[in-house]
Amino acid sequence: MKTKARLFILFLSVSAIFVFWGQVSQYAPPEEQRSCACDQCPFENGTLAFQNLTRFSQPFLSRNSNLSEEDFNWWRVIQRGGGTISEYRRNMSRVFKLIPANPPLEEPIPGRCRTCAVVGNSRNLLNSHYGPFIDFQDYVIRINRGHSKGFEADVGKRTTHQVMYLESRSQLDDTTRPVLFTFKMRDLEWITSVLRPQPSRKKSLFNKDLVMIVNPAFMRNIHHMWLQKKGAYASTGFMSLVLALHICDEVHVFGFGADSDGNWSHYWDKKPNNKVKTGGHPGNVEYEMIMALARHQVLKFYTGW
Ligand SMILES: *[C@@H]1O[C@H](CO)[C@@H](O)[C@H](O)[C@H]1NC(C)=O
Ligand SMILES: *[C@@H]1O[C@H](CO)[C@@H](O)[C@H](O)[C@H]1NC(C)=O
Ligand SMILES: *[C@@H]1O[C@H](CO)[C@@H](O)[C@H](O)[C@H]1NC(C)=O
Ligand SMILES: *[C@@H]1O[C@H](CO)[C@@H](O)[C@H](O)[C@H]1NC(C)=O
Ligand SMILES: *[C@@H]1O[C@H](CO)[C@@H](O)[C@H](O)[C@H]1NC(C)=O
């Protein structure tokens with residue numbers, strides 16, 4: 001009798017251990033480490049799961065960046081600007097006397113999921129009520145003259161990064177990162193003139209300690225690799241989206257494309273405008289690429305109301 005009882009107890013303990021072990025192994029981490037903690041990470045091992053596009057290591061310039069002559073020559077002619085590479089290097093080093101030497105660029109971390117909202121300026125945002133969802137993301141990136149005031153319910157209130165270039169500049173608050181695109185030598189002088197303290201100026205255009213300058217080599221990479229050299233160069237909107245894929249693991253895209261009537265205009269325009277204005281940019285190629293990225297779940301695309 002006694003032995004039977006003992007055996008029964010032994011049986012129970014062994015089963016308990018097996019059940020417990022089963023639970024433990026169920027919760028063990030997967031063998032393969034993912035590069036981020038989102039449902040999907042855009043660049044696994046540095047490569048996009050679609051079209052073999054690779055992560056560009058220096059999307060922003062730093063004081064020690066050394067632009068190659070090849071990249072400089074591509075950059076110099078896109079807006080038919082002048083200047084030599086030595087002038088470029090000299091003038092860019094002047095800019096870097098005024099701004100931080102190394103812009104922050106966090107690499108993906110297995111345990112984290114950094115989310116971005118890229119907010120374009122399309123009228124399709126009107127009545128979308130996306131505002132709270134946009135503000136919920138870690139970073140909110142606005143483009144050119146994109147702003148919130150008066151449109152908070154549809155476009156959100158927060159702006160962590162504002163992407164702009166000389167001709168599209170706008171006044172930023174002290175906590176927003178200015179992400180600057182340069183297209184010609186004169187843009188370098190613009191940056192230095194804006195950043196130099198001047199008594200006549202009431203408020204500077206933006207906080208110089210937060211400035212980030214997009215690497216011209218990255219702009220060229222986007223044109224060559226992401227758009228297969230279509231058009232002259234990519235639009236600021238498209239480049240902002242690729243940039244977002246480099247600073248976030250999950251990218252939500254709003255306010256790109258036409259509105260539901262097929263009109264292309266800004267959400268703040270009084271009247272819709274049915275002219276598609278893409279300048280030298282390959283508008284359709286860009287749009288199709290964005291759609292393909294959305295189909296392959298590299299980013300999430302929101303069409304508006
Ligand atoms: C990334 O690389 C690791 C190690 O080389 C490998 O185990 C994993 O399968 C790769 N992931 C993808 C999505 O290619
Ligand atoms: C991506 O690269 C791999 C290996 O280099 C290659 O086998 C594959 O065909 C490429 N895919 C595309 C879509 O280019
Ligand atoms: C930048 O690179 C070029 C060639 O790649 C080299 O000749 C030059 O010395 C470099 N300049 C600096 C400041 O590192
Ligand atoms: C470089 O900066 C200086 C000083 O701002 C300016 O005079 C010069 O024209 C700039 N060079 C070019 C090629 O724009
Ligand atoms: C906007 O689109 C509608 C429908 O296509 C059109 O009737 C209207 O004229 C457009 N508005 C403007 C200002 O072009």
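Note that ligands are numbered from 1 as they come in the structure, with each ligand's atoms numbered from 1 the same way. Starting from 1, each residue takes its place in the sequence as its number.
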Worksheet item: For Asp187 and Thr182, does a side-chain donor sit closer than 3.5 Å to a side-chain acceptor?
Response: no
Of Arg94, Glu87, Met92, the one whose closest heavy atom lies nearest atom 13 (C) of ligand 4 is Glu87
- Do Arg114 and Asp138 meet the salt-bridge criterion of a basic N to acidic O distance under 4.0 Å? no
Fill in: Worked verdict on Cys41 versus Cys36 for disulfide bond (SG atoms under 2.5 Å apart)
CA-CA 6 Å; Cys41 317; Cys36 75; 2.2 Å; yes
- [ ] Tell me, please: is Arg186 in heavy-atom contact with ligand 4, that is, under 4.0 Å?
- [x] no
Nearest non-hydrogen protein atom to atom 11 (N) of ligand 4, with distance, is Asn91 ND2, 3.0 Å
Note to self: Is there a path of hydrophobic side-chain contacts, each under 4.5 Å between heavy atoms of I/L/V/M/F/W/Y residues, joining Trp74 to Met225?
What the structure shows: yes
Atom 5 (O) of ligand 4 has as its nearest protein heavy atom Glu189 CG, 3.7 Å
